[in-house]
Amino acid sequence: MANLILILGDQLTRDISALDNADRNQDLVVIAEVHDEASYTNHHKKKIVLLFSAMRHFAQQLRDEGWQVHYQSYHPDNEHQNLEAVVAEQVQQLNPAKVITTECGEWRLHEQISQWHERLGVPVEIRSDARFIATKKEFTDWAEGRKQLRMEFFYREMRRKTGLLMTSDGGPEGGRWNFDADNRKKWTGKPPAPATFRVEPDSITREVIELVDEHFADYFGTSEDFHFAVTADDAQAALAHFIDFALPCFGDFQDAISDNEDWLFHSILSPYINCGLLEPIAVCEAAAQAWYDGRAPINAVEGFVRQILGWREFVRGIYWLNMPGYAKENRLGNTRALPGFYWTGNTKMRCMHKAIDATRRNAYAHHIQRLMVTGNFALLTGIKPEEICDWYLAVYADAYDWVELPNVLGMVMHADGGYLGSKPYAASGKYIQRQSNHCANCHYNVNKSTEQDACPFNALYWHFIHRHRDNFVNNPRMGMMYRNWEKQKPEQRDALLHRAEDLLAHIECL
Ligand code: FAD
Ligand code: DLZ
């Protein structure tokens, strides 16, 4: 045998760099379901089903194409419970010239793999991950010497690099780089949200669901109604479904939240993009083509492309530039434990209940639920970054440290001191009322602030502003909040702080 090629559970594409120039007659591909990867957090059951089933389908595809594949299926009694042990056994048995793999997405595992050449006594070639549009070095070069890193400027570089939505004379299509200002409409039920794209589980997926229900029964969420794609072909169909039915309204309702609809006009493509079933650049090209064909407006297409070309690449760059120290940041000095209702959804706050319940059922919540509902609550109440980061890493089918950590620790918790975002996304109940119809059905009254039945977000918002005065009073984007706080009568400020203290003391009962 020539080389041993390790493909990880989030690298499920024929174009993965580990397979470049490989010889299907000589080399051995290794793919393994292992306990350590399935248990480093309380993964949602649907995430494990998605990955194990997609891994099994991918291995089958490789075999059908004539590759030799060593595949380990999960069993709690397997002799080898981690990737190193699986690879070590194959190295011992087959004595390959080298082990080849594509760089992995998480610092935790990256550190381990970086030591394999010594631990396994065989050369280990770690190739860069060509699925990303910017290399790690490109991001580092772009970041070097800048006082502040802002997504918008990096995004423009990525537009120029790829030529996506660029005119022939080098300007942005539609005359603007960013159509965000057009993308903040409340959704009142019209036009109706498209039907969810569904794939009925085949026999492989059904077997994995049984396995997960048996061996991961205590893990978060439910495997019921599993309808994610698990092959590249079905993920491609999910992309086509999004372009046809949701993309035209994606921009208008990008920031909307609904009491009645889980998915709205979002793409639900992140689970596939992140595990390799879809290529990010191809997804952006498909959206851009819809605009050129007149099938979707520019505010929708630019808004969508910015999420992938801009935010997704940006957070990945931030992660690798700053790990491992980034994970330990806690610049607001938070000490509060994560309330239990994050795991159960048992809270009278309607918006929180809805977001957590959808998360539990679907292993999915859309961006504004993650940022402005569950994220906002964690920010306002001062949850320990480590605990809230672990929650987000566990509960979503698209969650991997490289993308979850900057979004949670940086964007939501502002625990990096404003490195990723220029101001915290703190908001009172008014924001949720403006963007959703939750408040009409809530136990709490969004129009009250200090009474027993007042929306908790209101007093907690002012408590946050007050307690972090030293952090934010000189932030030009926060000046108005401090002026509004100081304009209020001292009795009202006291009442708000008192109410917030009471809420914090009884946080588990909200
Ligand atoms: P759409 O709204 O349709 O957006 C299209 C695509 O853009 C997504 O599929 C995704 O690939 C990309 N994207 C959008 N926003 C971001 C962003 N902020 N960072 C990176 N990519 C983005 N995304 C993850 O992929 N994994 C995570 O673990 C994750 N954790 C998050 C935690 C918090 C607190 C927040 C605020 C955001 C998080 N995001 C994460 C980003 C974003 O919420 C999800 O990518 C998005 O909700 C996925 O759903 P979708 O495919 O329907 O996205
Ligand atoms: C998330 C995950 C899970 C649940 N299980 C496996 C697994 O059994 N084998 C594997 O190779 N990968 C798995 N993954 C994805 C990895 O955790 C992911 O590759 C690393 O975290 C790097 O991003």
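Each ligand, and each atom within it, is numbered from 1 in the order the structure gives.
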Derivation and outcome, side chain to side chain donor-acceptor pair (under 3.5 Å), residues Tyr342 and Thr359
CA-CA 10 Å; Tyr342 271 80; Thr359 300; over 6 Å; no
Would Asn274 and Tyr400 count as a side-chain contact (heavy atoms from CB on, under 4.5 Å) here? Give the steps.
CA-CA 8 Å; Asn274 292 354; Tyr400 300 88; 3.6 Å; yes
Go through Ser422 and Arg477 one step at a time and tell me if the side chain to side chain donor-acceptor pair (under 3.5 Å) criterion holds.
CA-CA 8 Å; Ser422 54; Arg477 299 190 64 200; 2.5 Å; yes
Should Gln236 and Leu278 be marked as a side-chain contact (heavy atoms from CB on, under 4.5 Å) after you check the CA-CA gap, both sets of side-chain angles, and the distance that decides it?
CA-CA 7 Å; Gln236 196 62 37; Leu278 285 176; 3.6 Å; yes
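Residue, atom and distance of the protein heavy atom nearest to atom 42 (C) of ligand 1 are His367 ND1, 3.4 Å. Nearest protein heavy-atom contact of atom 8 (O) of ligand 2 is Val34 N, 2.9 Å. Closest protein heavy atom to atom 19 (O) of ligand 2: Asp10 OD1, 2.7 Å. Shortest contact from atom 23 (N) of ligand 1 to any protein heavy atom: Val403 CG2, 3.6 Å. Annotation: atom 7 (O) of ligand 1 to nearest protein heavy atom, Gln307 CB, 3.0 Å. Among all non-hydrogen protein atoms, the one lying nearest atom 10 (C) of ligand 2 is Gly9 N, 3.4 Å. At the shortest separation from atom 29 (C) of ligand 1 among protein heavy atoms lies Arg370 NH1, 3.3 Å. When hydrogens are left out, the protein atom nearest atom 2 (C) of ligand 2 is Leu51 CD1, 3.3 Å; that is the closest non-hydrogen contact. Regarding atom 6 (C) of ligand 2, its nearest protein heavy-atom neighbour is Glu37 CB, 3.4 Å. What sits closest to atom 45 (O) of ligand 1 on the protein, heavy atoms only, is Ser270 CB, 4.0 Å. Atom 9 (N) of ligand 2 has as its closest protein heavy atom Ala32 O, 2.7 Å. At the top of the distance list for atom 27 (C) of ligand 1, counting protein heavy atoms only, stands Asp398 OD1, 3.3 Å.
Under 4.0 angstrom from ligand 2, the non-hydrogen atoms of Phe52 all belong to its side chain. Contact annotation: for Arg108 versus ligand 2, heavy atoms closer than 4.0 Å belong to the side chain alone. Only the side chain of Met411 comes within 4.0 Å of ligand 1, counting heavy atoms alone; its backbone N, CA, C and O stay farther away. Contacts between Trp402 and ligand 2, counted as non-hydrogen atom pairs separated by less than 4.0 Å, are absent for every part of the residue.
In this structure, Trp263 does not count as a contact residue of ligand 1, since none of its heavy atoms falls inside 4.0 Å of the ligand. Note on ligand 1: Phe304 sits in its first shell, one or more heavy atoms being nearer than 4.0 Å. Using a 4.0 Å heavy-atom cutoff, His110 is absent from the residues neighbouring ligand 2.
Under a 4.0 Å criterion applied to the non-hydrogen atoms of Tyr364, ligand 1 contributes the atoms 49 (O), 50 (P), 52 (O). Interface atoms of ligand 1 facing Val408, defined by a heavy-atom separation under 4.0 Å, are 32 (C), 34 (C). Each of the atoms 22 (C), 23 (O) of ligand 2 lies under 4.0 Å from some heavy atom of Gly105. Heavy-atom contacts of Arg312 reach the following atoms of ligand 1: 11 (O), 20 (C), 21 (N) (cutoff under 4.0 Å). Atom numbering of ligand 1 starts at 1 in the shown order; those under 4.0 Å from a heavy atom of Phe250 are 1 (P), 2 (O), 3 (O). Near Glu33, meaning under 4.0 Å from one of its heavy atoms, ligand 2 places the atoms 8 (O).
For a threshold of 3.5 Å applied to N or O pairs, the pair formed by His43 and ligand 2 contains no separation below that value. Where the criterion is an N or O separation shorter than 3.5 Å, residue side chain and backbone included, Leu269 meets it with respect to ligand 1. Some N or O of Asn274 is nearer than 3.5 Å to an N or O of ligand 1, by distance alone. Geometrically, ligand 1 and Ile268 share a nitrogen or oxygen pair separated by less than 3.5 Å. Considering backbone and side-chain atoms alike, Tyr392 places every N or O at 3.5 Å or more from each N or O of ligand 1.
Residue Ile308 holds the heavy atom nearest to atom 6 (C) of ligand 1 of all those in Leu278, Asn376, Ile308. Relative to atom 16 (C) of ligand 1, the option among Trp311, Phe242, Tyr400 with the closest non-hydrogen atom is Trp311. Evaluated by nearest non-hydrogen atom to atom 3 (O) of ligand 1, the leading choice among Ala365, Ala399, Pro406, Ser267 is Ser267.
For the pair Leu405/Trp107, no side-chain contact is recorded, criterion being any heavy-atom separation below 4.5 Å from C-beta on. Using a 4.5 Å heavy-atom threshold, the side chains of Leu247 and Arg295 count as separate. Counting heavy atoms from C-beta outward, Leu338 and Asp390 have side chains that stay 4.5 Å or more apart. In this structure, the side chains of Val199 and Val230 stay at 4.5 Å or more apart for every pair of heavy atoms.
In this model, a donor atom of one side chain and an acceptor atom of the other lie less than 3.5 Å apart for Asp401 and Tyr319.
Judged by the 6.0 Å distance and 45° axis criteria, Lys161 is not positioned over the aromatic ring of Phe154.
Screening Phe220, Trp343, Tyr219 for a ring-ring contact (aromatic ring centres under 6.0 Å, His included) with His44, the sole residue that qualifies is Phe220. When the options Tyr396, Tyr272, Trp263 are evaluated for a ring-ring contact (aromatic ring centres under 6.0 Å, His included) with Tyr364, the one that passes is Trp263.
In summary, the aromatic rings of Phe139 and Phe132 are positioned with their centroids too far apart to meet the 6.0 Å limit.
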